Structure formats: C-alpha cells, structure tokens
Amino acid sequence: MSGHGAPVVAVDGSGLRVAVVAASWHEQVMDGLVAGALRGLADAGVEAPTVVRVPGTVELTVACARLAGRHDALVALGVVIRGGTPHFEYVCQGVTAGLTQVSVTTGVPVGFGVLTCDTTEQAVARAGLPGSIEDKGHEAATAAVATAVTLRDLDAAAAPR
C-alpha cells in the first residue's frame with residue numbers, strides 16, 4: 001500500500017496563512033479530501049484557512065499561483081481517474097509540473113493532494129472517508145504546513161543578528 005512507511009508529522013502551524021484549493025469533479029472523493037485537509041490544518045493549529053473550489057484538477061495550478069502571494073502554504077486537492085484515453089497522463093503530468101513550478105517560483109510550499117488512481121474505488125480508499133485506508137487530504141495539509149514551518153525557521157536562522 002502506498003501509505004506504508006509514511007512519517008508521523010506533528011507540527012505547530014499557528015499563525016500561518018494557508019489556502020486549500022480543491023477541484024470539484026468526483027464530489028464524494030473531493031469532499032473527503034477537503035475535510036481531511038481541514039482536519040490536518042486544525043490539528044496543526046492553523047486557524048481560518050481559505051478554501052477555494054475550482055472546476056477541475058487542471059485549474060488547481062492557476063488558482064494556487066494566484067493565492068501564493070497571500071499565503072504561507074497551499075494545499076492542492078484533486079482526483080484524476082484513469083480512463084481509456086491519454087487524458088489521464090496529460091492531466092497528471094501537467095498538474096504535477098504546474099504545482100511544482102508554483103512552489104519553486106514563489107517559495108510557497110504546495111501540499112500535493114492530487115489522487116491519480118486507476119479506479120474510483122482506489123480514490124475512495126485514499127480520500128479519508130469512513131472506511132478509507134488513507135487520508136491524503138490530511139497528509140497534504142500536514143506536509144504543506146510542516147514545509148512552511150521549516151522554511152520560516154530557515155529564514156529566521158539566516159537573518160542577520
């Protein structure tokens with residue numbers, strides 16, 4: 001299972017400004033991912049996160065790019081289910097490259113919570129819903145906050161004394 005070996009991350013993200021950007025396709029899965037991300041942010045002490053919904057997974061990149069200047073961390077949530085055409089590969093590759101570019105060019109961490117699954121059942125199993133075996137929304141939010149805290153600490157350590 002893909003969750004095997006995952007680290008246990010506990011982080012204090014109080015005071016951070018975080019946005020959750022979520023696609024709208026596959027409503028049940030997306031609702032689970034968003035709920036998991038919000039639980040993860042609450043667990044980290046992040047108050048009043050911004051939540052933005054976009055039509056699909058492709059639109060995550062531009063919304064994250066727009067929000068990066070106003071937030072310390074972003075959480076990108078989407079799901080792409082493999083079909084019978086190359087659409088799956090194009091979307092997954094484009095979104096992965098786009099979100100990475102947003103993070104690297106802005107310096108704002110993007111928690112990657114885009115599920116890339118062969119079946120709807122696989123997506124449900126990772127969506128943090130009752131009976132799911134993983135909670136990728138929570139994991140993505142925790143990763144984004146932990147990275148933002150690390151970057152903040154690096155900046156503080158590099159500041160002139």
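On a predicted model such as this, the values are computed, not experimentally measured, just so you know. In what follows, residues are counted from 1 in the order of the sequence shown.
When every heavy atom of Leu60 is checked against every heavy atom of Ala23, the shortest pair comes out as CD2-N, 3.8 Å. Pairing each heavy atom of Leu129 with each of Gly32, the nearest pair is CD2-CA, 3.6 Å. Summarising the geometry of Ser132 relative to Ala127, their closest heavy-atom pair is OG-N, 4.0 Å, with the distance given to 0.1 Å. Here the shortest heavy-atom pairing between Ala73 and Ala144 reads CB-O, 3.7 Å. Cys64 and Leu74 get closest at one heavy-atom pair: O-CD1, 3.4 Å. Contact detail for Val34 and Ala22: the closest heavy-atom pair is CG2-CB, 3.5 Å.
Under the 3.5 Å distance criterion, with hydrogens and angles disregarded, a donor-acceptor pair is assigned to the side chains of His71 and Thr50.
To the nearest 0.5 Å, atom CZ of residue Arg82 and atom OG1 of residue Thr120 are 13.0 Å apart. The distance from the CZ atom of Arg126 to the OG1 atom of Thr116 is 8.5 Å, given to the nearest 0.5 Å. Rounded to the nearest 0.5 Å, atoms CD (Glu47) and CG (Leu41) are 11.5 Å apart. The distance from atom OG1 of Thr57 to atom CE of Met30, rounded to the nearest 0.5 Å, is 6.5 Å. The line from OG1 of Thr96 to CD of Gln101 is 13.0 Å long, rounded to the nearest 0.5 Å. Taking SG of Cys92 as the reference point, atom CG of Leu115 lies at 10.0 Å (rounded to 0.5 Å).
Using a 4.5 Å cut-off between side-chain heavy atoms of Ile, Leu, Val, Met, Phe, Trp and Tyr, with links allowed through other members, Val95 and Val110 fall into the same hydrophobic cluster. A continuous path of Ile, Leu, Val, Met, Phe, Trp and Tyr side chains, each step under 4.5 Å between heavy atoms, connects Leu16 with Val20, placing both in one hydrophobic cluster. Under the 4.5 Å side-chain contact rule for hydrophobic residues, Phe88 and Val58 share a cluster.
Taking the side chain as every heavy atom from C-beta outward, Val102 and Thr61 approach each other to under 4.5 Å. Taking the side chain as every heavy atom from C-beta outward, Asp43 and His138 approach each other to under 4.5 Å. Side-chain contact check for Leu67 versus Arg70: some heavy-atom pair is nearer than 4.5 Å. Looking at Leu38 and Pro49, their side chains come closer than 4.5 Å, going by heavy atoms from C-beta outward. Looking at heavy atoms from C-beta onward, Pro109 lies in side-chain contact with Leu151 at the 4.5 angstrom threshold. Considering only heavy atoms from C-beta on, Ile81 stays 4.5 Å or farther from Thr119 through its side chain. Between Val75 and Val18, some side-chain heavy-atom pair lies under the 4.5 Å cut-off.
The main-chain N or O of Pro55 is never found under 3.5 Å from a side-chain atom of Glu59 such that the two would form a donor-acceptor pair. Counting only distance, with no hydrogens or angles, the side chain of Asp72 and the backbone of Arg17 share a donor-acceptor pair below 3.5 Å. Within the 3.5 Å criterion, the main-chain N or O of Ala68 finds no donor-acceptor partner in the side chain of Thr106.
Each side-chain hydrogen bond (donor to acceptor under 3.5 Å, both in side chains) pair with one or both residues in residues 148-157, not counting sequence neighbours, would appear here, but there are none.
In terms of the side-chain contact (heavy atoms from CB on, under 4.5 Å) criterion, residue partners of Ala63 (sequence neighbours excluded) are, by chain and number, Val21, Val54.
With Val114 as reference, Leu99 is the one residue of Leu33, Val79, Leu99 to meet the side chain to side chain contact (heavy atoms under 4.5 Å, CB included) rule.
In this structure, Asp135 pairs ionically with Arg39, as a charged nitrogen and a carboxylate oxygen lie closer than 4.0 Å.
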